[in-house]
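I have placed the structure first, in the form of structure tokens, so that the comments after it can refer back to it.
Remember, it's a predicted structure, so these values are computed and weren't measured experimentally. So that the names make sense, note that chain A is the first sequence line, chain B the second, and so on, each numbered from 1. Computed from heavy atoms alone, side chains included, the values below leave out hydrogens, waters and symmetry copies.
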2 protein chains.
Amino acid sequence: MFSKSCEYAIKSMIFIAQKSKDGARIGIKDIAKGTDSPQHFIAKIMQVLSRKKLVHSVKGPNGGFYMDNLDLQNSIADIVKAIDGDGLYTDCVLGLHACSAENPCPIHSEYSVIKKNFIKMIENNTIGEFRDNLDAGNFHLKSILSV
Amino acid sequence: MFSKSCEYAIKSMIFIAQKSKDGARIGIKDIAKGTDSPQHFIAKIMQVLSRKKLVHSVKGPNGGFYMDNLDLQNSIADIVKAIDGDGLYTDCVLGLHACSAENPCPIHSEYSVIKKNFIKMIENNTIGEFRDNLDAGNFHLKSILSV
DNA sequence: AATATAAAAGAGTTTTATGTCTTAATTTGA
DNA sequence: TCAAATTAAGACATAAAACTCTTTTATATT
Ligand code: FES
Ligand code: FES
């Protein structure tokens, strides 16, 4: 579904959204800890997200990552597209060179419905929306087992 | 979503279902051609499917793969489980150690709906059902471009 | 200005997925 | 019974994904 990079990206972004609430910045080490992710690996991922303007960063002492109100309005889909590209939108589930109704694979019609709903889901959920639920402990970014 | 192996497996199985209609057997070379797949690679995949009794095979002259009426009743899900395992059923979409309502990731509740429908889809569609539609040209196993 | 801090960048490694090639085993038919 | 055909098996090769390490650049604080 998502690449590992993309999984880390989504978790990191939600984590940053929560931690940078009052203009605070959060460092890569804390993000790694808070999301159970390999530090150097997600550092590279954050570079991409930062270049693509999905998150802000500042170097130096007290530096780190943070999100402004505009960043918080980005959707999960924006992260996915930044990291995994638009394969989710364009690829055939059985690996035909392109998904299309004109040259459909056997499960195209059934899959199209699933796909539409999945895309709707990641597009309708903004990063900001997860922030409060995470605070409330309604969900987790780390497996209990790994703590 | 599916691994490349799994994509090949599904396409090959549907192809065999169509070609082995009247007890005929179809060889690995023809399967490779008919589904645009690397021959030696899918040979290994067919070995697995054969060992797991999802398809029949005979060696020697006029040998090859074929399906009986029971084989045709297997679902796409059976192929997926044989090749990719049950990760689709058990994995968390954000990579937590296990998907569960007790320790849900941020998009667990939204994803659960998608997942349920996806599983329903691959479980409800049997290999045999695709056979006639393939005959009718209603869908394809090869990209037009690659012919 | 000097120093410490933290992200950015880039090079390198390991692991997994994908794909190829060769040989063995089985079966059919001449 | 022998040769040809065809799957089964296993070793090997390549490519991509995942992960690590080191160096550079920017910035804030002293
Ligand atoms: S053609 Fe395969 S999913 Fe659309
Ligand atoms: S916990 Fe992540 S999908 Fe269920």
Pro38(B) side chain: which of dG19(C), dC21(D), dT7(D) is closest?
dG19(C)
Ignoring hydrogens and geometry beyond distance, is the side chain of Lys44(B) in donor-acceptor contact with the base of dG10(D) at under 3.5 Å?
yes
How about Asp135(A): does its CG atom have over 12 heavy atoms from other parts shown lying under 6.0 Å from it?
yes
Any non-hydrogen side-chain atom of Asp30(A) less than 4.5 Å from a side-chain atom of Lys19(A)?
no
Side-chain N or O of Ser50(B) versus OP1/OP2 of dA8(D): is the shortest distance under 4.0 Å?
yes
Gap between atoms CE and P, on Met46(A) and dT20(D) respectively (whole Å)
18 Å
Just to confirm, is there a sub-4.0 Å distance from OP1 or OP2 of dA6(C) to any side-chain nitrogen or oxygen of Ser57(A)?
no
dA6(C) P sits how many Å from Lys33(A) NZ, rounded?
11 Å
Asp30(B) CG to dA5(D) P, in whole Å, measures 14 Å
Among dT22(D), dT6(D), dT25(D), find the nucleotide with the atom closest to the side chain of Lys59(B).
dT6(D)
Under 4.0 angstrom, heavy atoms only, what part of the nucleic acid is Gly63(B) near: base, sugar-phosphate, or nothing?
sugar-phosphate
For DNA chain D, the residues among residues 2-26 of chain A that have a non-hydrogen atom under 4.0 Å from it
Ser3(A), Lys4(A), Ser5(A), Tyr8(A)
Would you mind checking if Asp132(A) and Lys21(A) are paired as a salt bridge, meaning a charged N to carboxylate O distance below 4.0 Å?
yes
Does the pair Lys11(B) and Leu96(A) meet the rule for a side-chain contact (heavy atoms from CB on, under 4.5 Å), with working shown?
CA-CA 10 Å; Lys11(B) 288 194 285 187; Leu96(A) 300 194; 4.1 Å; yes
Please state how far atom CZ in Arg51(A) lies from atom P in dT25(D), giving the value in whole angstrom units.
16 Å
Residue met sooner reading DNA chain D from 5', once Val58(A) and His40(A) are mapped to nucleotides
His40(A)
More than 12 heavy atoms of other residues, nucleotides or ligands under 6.0 Å from NZ of Lys81(B): yes or no?
yes
In whole Å, what is the span from the CZ atom of Phe41(A) to the P atom of dT14(C)?
16 Å
Just wondering, do Phe65(B) and Ser57(B) contact through their side chains at under 4.5 Å, heavy atoms?
yes
For atom NZ of Lys53(B) and atom P of dA8(D), their distance in whole Å:
11 Å
Whole angstrom value for the distance that separates P of dT23(D) from CD of Gln47(A):
17 Å
Starting at atom CD of Gln39(B), determine the distance to atom P of dT6(D), rounded to an integer number of angstrom.
11 Å
Looking at side-chain heavy atoms only, is the closest gap between Ile83(A) and Leu49(A) below 4.5 Å?
yes
